[in-house]
Amino acid sequence: MDGPGQRKTQIVVIGGGAGGLELVRRLGAHYGRKRHDIILVERNRTHVWKPLLHEVATGSLDANLDEVGYRSHCHRWGYRYFSGTFEGIDRAAREVILAPLLDDDGTELIARHRIRYDYLVIAVGSVTNDFGIPGVAKNCMVLDDRDGADRFRNRLLNHCLRVSRAMTARGDADEHVRIAIVGGGATGVELAAELYNAAAALRHYGLEVFDESRLQITLIEAGPRILPALPERLAEAATDELEHLGVQVLSDVKVVEARPHVIVTGSGGDIEADLLVWAAGVKAPEFLGGLGLETSRNCQLVVGPTLQTTQDERIFAIGDCCSFTPAGQDRPVPPRAQAAHQMAATAFANLKRLMDGKPLKPFTYHDHGSLVSLSRFSTVGSLMGNLIGGRMAIEGRLARFVYTSLYRMHLVAIHGWLKGLALILVGHVNRIVRPRLKLH
Ligand SMILES: Cc1cc2nc3c(=O)[nH]c(=O)nc-3n(C[C@H](O)[C@H](O)[C@H](O)COP(=O)(O)OP(=O)(O)OC[C@H]3O[C@@H](n4cnc5c(N)ncnc54)[C@H](O)[C@@H]3O)c2cc1C
């Protein structure tokens with residue numbers, strides 16, 4: 001029997017994204033508050049599922065409707081939420097170090113402080129990788145978080161207003177909003193298509209003379225084709241669809257510099273644009289390299305098959321911020337929402353086994369395939385699975401259905417079945433009663 005002064009087992013999870021939020025829900029629901037203290041440390045106050053960010057950026061999705069407030073979520077699921085930014089670990093003392101909490105005007109509200117842990121799970125995700133290319137960090141926008149998506153949307157709308165105004169004032173004006181997107185992976189492709197969807201809707205919201213023909217989008221890919229993770233046939237179908245919409249798709253073009261409103265390419269052709277977006281790859285946040293744990297070339301924390309970091313069995317890492325290469329393979333598990341979701345399940349099982357003194361189970365990544373949404377125009381992707389005997393290319397309605405199911409599964413994973421299903425229903429109602437675009 002535990003005595004009244006007995007110290008609770010403290011499990012600290014850093015980062016409440018696709019992996020971390022699901023994990024604290026499972027831990028909180030299973031252990032409750034009696035003998036365990038489950039703590040989520042997260043720098044934001046609300047969670048928006050990262051794969052929705054391109055829709056937030058174009059205004060197709062109002063993040064205020066889809067965000068999850070950590071305070072109410074923790075109250076429901078029996079964990080504690082600490083608003084703060086993780087910056088280091090004191091492994092000898094088993095404490096995580098949180099940066100000072102500052103007010104908007106820079107006033108220090110809470111000084112640098114520490115939280116004790118018995119077990120720690122790091123799930124801080126990834127950031128855009130600029131590969132050290134000069135000028136990218138300063139001149140390009142990125143879709144790493146809600147702030148970045150909101151910033152992009154505001155600037156996009158300002159340029160749409162500029163063009164609309166110019167065309168209203170002068171009948172012969174031929175103005176465009178020029179957008180250069182670097183990176184022909186899923187994020188770049190989805191953003192390009194979503195922009196056409198949003199532009200088509202703008203004329204219903206007061207920009208009468210604006211439509212998709214006023215967009216000039218250039219998608220720049222360094223490799224020989226866009227969507228390298230998908231079969232060639234699907235990448236070709238996506239290229240055709242994008243070009244049909246009006247996107248200029250450039251492959252085999254390496255970017256060497258970004259200047260204000262200009263993407264400089266190695267082949268000498270500069271691309272001028274009003275908005276520059278960098279979506280050419282991800283890496284883990286650089287501060288992870290200073291934690292005293294083994295990291296990969298991409299700053300990811302290297303973990304073994306049990307998802308424990310190689311130098312400290314009390315510290316796990318999951319999702320985009322960890323690097324795990326399954327035995328017999330030469331590439332690590334890709335940074336995807338489905339990997340974060342699967343790792344959350346294994347981390348939960350292994351924390352439980354570790355505390356129960358049982359052997360831990362190895363993580364097995366099941367690649368269910370990948371899907372790329374070209375907004376309402378098309379969806380392409382490939383499904384993997386034993387049932388279909390390998391890889392199956394899918395397009396159209398079926399692909400769209402599976403794509404939207406991924407977010408629904410995330411809702412169920414973080415809210416449980418009842419609330420998850422209720423929110424899916426509310427999402428359908430919102431699509432009918434809410435405006436098609438978020439314009440503020
Ligand atoms: C536009 C876009 C589209 C995508 N589309 C898909 C898709 O279709 N399918 C797919 O599988 N994947 C997709 N991805 C990738 C997917 O979003 C990630 O793989 C997934 O979110 C990783 O989950 P995670 O838990 O590791 O990190 P995240 O979901 O990024 O969560 C990390 C959390 O940690 C918090 N955090 C970070 N640093 C700190 C700190 N120092 N202190 C405290 N908190 C911190 C962040 O605020 C965040 O809440 C997409 C990504 C983007 C950007």
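In this chain, numbering begins with 1 at the start of the sequence shown. What you see is a predicted model, and the numbers here were worked out from it, not measured in a lab. Every number for a ligand or one of its atoms is a count from 1 in the order of the listing.
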So with a 6.0 Å cut-off around CG of Asp105, is the heavy-atom count from everything else above 12? yes
Residues Gln308 and Thr306: side-chain donor-acceptor under 3.5 angstrom: yes
If you scan protein heavy atoms around atom 40 (C) of ligand 1, the nearest is Phe86 N, 3.8 Å
One finds that the ligand 1 atoms under 4.0 Å from a non-hydrogen atom of Pro335 are 19 (O)
With a 6.0 Å cut-off on ring centres, are Tyr365 and Phe324 close enough? no
heavy-atom search around atom 48 (C) of ligand 1 in the protein gives Glu42 OE1, 3.5 Å
Quiz item: Hey, are Tyr79 and Asp37 close enough side-chain-wise for a donor-acceptor pair under 3.5 Å?
Solution: no
When distances are taken from atom 31 (O) of ligand 1, the protein heavy atom at minimum range is Gly17 CA, 3.1 Å
Checking heavy-atom distances from atom 39 (C) of ligand 1 to each of Val124, Val127, Leu191, the winner is Val124
Atom 50 (C) of ligand 1: closest protein heavy atom, distance to 0.1 Å, is Pro51 CA, 3.9 Å
In this structure, CG of Leu101 is separated from OG1 of Thr107 (nearest 0.5 Å) by 11.0 Å
Note: Ala337, heavy atoms under 4.0 Å from ligand 1, region reported as both
Q) Touching ligand 1 at all, His47? Heavy atoms, strictly under 4.0 Å? A) no
Looking only at non-hydrogen atoms, the one of Asp320, Thr187, Val189 nearest atom 1 (C) of ligand 1 is Thr187
When distances are taken from atom 34 (O) of ligand 1, the protein heavy atom at minimum range is Gly15 CA, 3.3 Å
The atoms of ligand 1 lying under 4.0 Å from a heavy atom of Ala340, numbered in the order shown, are 23 (O)
* Pair Glu22, His341: side-chain N/O donor-acceptor within cut-off below 3.5 Å -> yes
Query - Centroid separation His410 to His47 less than 6.0 Å - result: yes
Tightest non-hydrogen contact, residues Ser83 and Arg71, listed as CB-NH2, 4.4 Å
Aromatic ring centroids of Tyr81 and His73 under 6.0 Å?
no
Within 4.0 Å of some non-hydrogen atom of Leu143, the atoms of ligand 1 are 53 (C)
Flag: protein heavy atom within less than 4.0 Å of atom 21 (O) of ligand 1: yes
Side-chain donor-acceptor pairs under 3.5 Å in residues 176-190, sequence neighbours left out?
residue	atom	partner	partner atom	Å
Arg178	NH2	Asp274	OD1	3.1
Glu190	OE2	Ser373	N	2.9
Glu190	OE2	Tyr403	OH	3.2

- Message: So for ligand 1, is Asn44 a polar contact partner (N or O within less than 3.5 Å, distance only)?
- Response: yes
Under 4.0 Å from one or more heavy atoms of Gln338, ligand 1 contributes atoms 11 (O)
_Any nitrogen or oxygen of Ile318, side chain or backbone, less than 3.5 Å from one on ligand 1?_
no
Checklist entry - Judged by atom type as modelled, is there a donor-acceptor pair below 3.5 Å linking the side chain of His54 to the main-chain atoms of Pro51? => result yes
of all protein heavy atoms, closest to atom 29 (O) of ligand 1 is Ala18 N, 3.0 Å
Consider every N or O of Arg43 and every N or O of ligand 1, then say whether any pair is closer than 3.5 Å. yes
Under 4.0 Å from one or more heavy atoms of Ala123, ligand 1 contributes atoms 32 (C), 33 (C), 34 (O)
Check: Glu55/Ser60 side-chain N/O donor and acceptor closer than 3.5 Å | no
### Task
Run the salt-bridge test on Glu257 and Arg259 with the 4.0 Å N-O cut-off and return the result as yes or no.
yes
Solution key, residues 239-252 side-chain donor-acceptor pairs under 3.5 Å, sequence neighbours excluded:
residue	atom	partner	partner atom	Å
Thr239	OG1	Ala235	O	2.7
Ser251	OG	Pro224	O	3.4

protein heavy-atom neighbour closest to atom 30 (O) of ligand 1 works out as Lys50 CD, 3.4 Å
Phe287 heavy atoms within 4.0 Å reach ligand 1 at atoms 41 (N)
The atoms of ligand 1 lying under 4.0 Å from a heavy atom of Gly319, numbered in the order shown, are 26 (O)
**Item:** 4.0 Å heavy-atom contact, Gly84 with ligand 1
**Value:** yes
Atom 25 (O) of ligand 1 has as its nearest protein heavy atom Gly19 N, 2.8 Å
